[in-house]
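Index from 1, following the sequence. In each ligand, atom 1 is the first atom listed, and ligand 1 is the first ligand listed. Just so it is clear, the values below take in all heavy atoms, side chains as well, and ignore hydrogens, waters and symmetry mates.
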Amino acid sequence: MQRIYLDSNATTPMRPEVVAAMMPVFTEDYGNPSSIHWFGQQAKALLDNARQQVARLIHAETSEIVFLSGGTEADNLAIRGIAESQKARGRHIITSRIEHHAVMHTCKDLEKQGYEVSWIGVSSDGLVDPEDVRRAIRPDTILITIMHANNEIGTIQPLEEIGKIAEAADIYFHSDGVQSTGKIPVDVKKLNVDLYSISSHKIHGPKGVGALFIKKGTIAKPQITGGGHERNRRSGTENVPGIVGFGVAAKMAREGLESEMNRVRELRDRLESGLKDRIVRIHINAENAPRLPNTSNIMVDFAEGEGLVISLDLKGVAVSTGSACSSGSLEPSHVLTAIGKTPDEAHGSLRFSLNSTNTAEEIDYVLEVLPQIVDRLRELSPYYKRA
Ligand code: PLP
């Protein structure tokens, strides 16, 4: 059976160039970058090169990039690191209600430790209003953490404005950039962020590698202590093969960003308009908000998201639903309920997330099979018959 992958916000295939760059690092350039001998220095040079490639993608200085195990660890280091380094100043944190679990659960954990968190709501389009952030600021606020682009609905937050508010109030500003990096231009200086999380496997690099941008002069208390790697910001021998792959993925993401994303946007638009033409009573969440070019979150009335995902999978198409979190629970998505959807509506949603290896033929195949699947599921729905 032909398999079609439309779940790229979950993870992406590695590019062949990434794999090719990593291979010799396992068997030939396998030194420990902390060693002073030749092998060590070879590995150190590879690490330096990758750091430059990743820094360039987000317009950071190389010294501002800390390599670690992925987006989740980057979020943890940013939030816990600032919470701990600034606790003498205050214990109040501002975040949004649509953050990824890596941010949300970290903030909830800090609440248990005595920090106070303001959870900012979003509009029905999934956007944070910077004025709400300004209003939430208190004399003891130490950190604002608002994601750049949302993983479920793709909305892009007004970070520049929020960054200015944070800067004027002298409060650290972190953003989870895991979904935005490689999909839209990112310039950490323009965004006014002090900390910015990125992950390699979302941009066609290997899994288990990521980076945290930490602006010069910002002190985030290390969460992993040991040999003082990464300039004392994150200990542990660096994952050199993974980081080399991440570097190549970052370089390719930067060089191909505009052309690839234009192509991906065309495919996404072809999918959305095709589905709207063929299926009645479907809605595109955050349709008119600024959003990622690759993401489409669609709500299908009278059809259950899980049923749609499973039926599509049986036809060879991989997508995800907004209704279940990674642990497979049937809780409705906190993102969809935050934009005002009822639990039932949230359960009827599907997320398509594309990458530049997808083709128009793949989209056309989805346009052929999904209307039939929806018809079949709706026939089983008593509510549909009544409506
Ligand atoms: N933040 C966002 C917005 C994400 O979408 C993800 C992954 O889905 C993460 C953080 C976690 O990244 P990682 O899988 O590298 O730990």
Side-chain angles (χ1 to χ4, degrees), residues 5-14 18 54 57-58 65-81 95-109 122 126-128 145-157 159 174-184 186 191 193 195-213 223-224 234 236 238-239 242-243 245-247 249-250 253 286 291-297 318-322 324-328 333-336 338-339 351-355:
Y5 186 74
L6 299 175
D7 197 16
S8 294
N9 287 7
T11 196
T12 53
M14 273 164 66
V18 169
V54 170
L57 178 62
I58 59 168
I65 297 294
V66 176
F67 286 122
L68 30 66
S69 69
T72 301
E73 191 190 331
D75 288 341
N76 271 266
L77 174 55
I79 298 168
R80 293 181 194 275
T95 189
S96 87
R97 284 179 52 203
I98 62 164
E99 298 297 312
H100 187 268
H101 287 140
V103 168
M104 189 169 103
H105 289 159
T106 303
C107 287
K108 285 193 172 168
D109 188 50
V122 293
L127 294 173
V128 170
T145 172
I146 306 275
M147 74 197 317
H148 197 177
N150 184 268
N151 43 303
E152 288 187 37
I153 54 177
T155 46
I156 301 167
Q157 302 301 337
L159 286 202
H174 164 248
S175 186
D176 176 335
V178 168
Q179 291 294 346
S180 42
T181 306
K183 296 181 188 138
I184 54 172
V186 173
L191 295 174
V193 288
L195 306 112
Y196 193 84
S197 307
I198 33 182
S199 177
S200 150
H201 74 105
K202 310 286 185 181
I203 61 165
H204 302 279
K207 294 172 182 59
V209 193
L212 179 65
F213 158 78
Q223 299 301 300
I224 298 181
R234 197 276 193 182
E238 290 88 349
N239 170 4
I243 290 169
F246 184 16
R291 65 187 163 122
L292 294 175
N294 80 318
T295 305
S296 184
N297 191 296
V319 300
S320 81
T321 162
C325 78
S326 51
S327 61
S333 141
H334 67 282
V335 176
L336 297 178
I339 63 171
R351 180 187 71 183
F352 294 88
S353 49
L354 283 53
N355 72 64

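- Looking only at heavy atoms of the protein, atom 16 (O) of ligand 1 is closest to Thr72 OG1, 2.6 Å.
- Of the candidates Glu73, His100, Met147, it is His100 that places a heavy atom closest to atom 4 (C) of ligand 1.
- Ring pair His148/Tyr196 is perpendicular by interplanar angle, where above 60° counts as perpendicular and below 30° as parallel.
- Every atom of ligand 1 is numbered from 1 in the order shown, and the set under 4.0 Å from a heavy atom of Ser199 is 13 (P), 15 (O).
- For the residue pair Ser333 and Glu152, a side-chain donor N or O sits within less than 3.5 Å of a side-chain acceptor on the partner.
- Summary of contacts: the protein heavy atom closest to atom 14 (O) of ligand 1 is His201 NE2, 2.9 Å.
- Which of His101, His148, Gln179 comes nearest to atom 5 (O) of ligand 1 through a heavy atom is settled by distance: it is Gln179.
- Ligand 1 places these atoms under 4.0 Å from at least one heavy atom of Gly70: 15 (O).
- A side chain to side chain contact (heavy atoms under 4.5 Å, CB included) with Ile146 is found for one member of Val103, Asp176, Val128, Ile98 and no other, namely Val128.
- Nearest-heavy-atom check against atom 1 (N) of ligand 1 across Ile198, Asn151, Ile98, Asp176 picks out Asp176.
- The protein atom (non-hydrogen) at minimum distance from atom 13 (P) of ligand 1 is Gly71 N, 3.5 Å.
- Atom 8 (O) of ligand 1 has its closest protein heavy atom at Lys202 NZ, 2.6 Å.
- Using modelled atom types, one finds no donor on one side chain facing an acceptor on the other under 3.5 Å when comparing His100 with Thr72.
- Residue Asn150 does not touch ligand 1, judged by heavy-atom distances below 4.0 Å.
- Note: Leu292 CG to Ser8 OG = 12.0 Å, rounded to the nearest 0.5 Å.
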Evaluation steps, side chain to side chain contact (heavy atoms under 4.5 Å, CB included), between Thr145 and Cys107
CA-CA 9 Å; Thr145 172; Cys107 287; 4.2 Å; yes
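- Side-chain contact of Asn9 with Thr295: a donor-acceptor pair under 3.5 Å is present, judged by distance alone.
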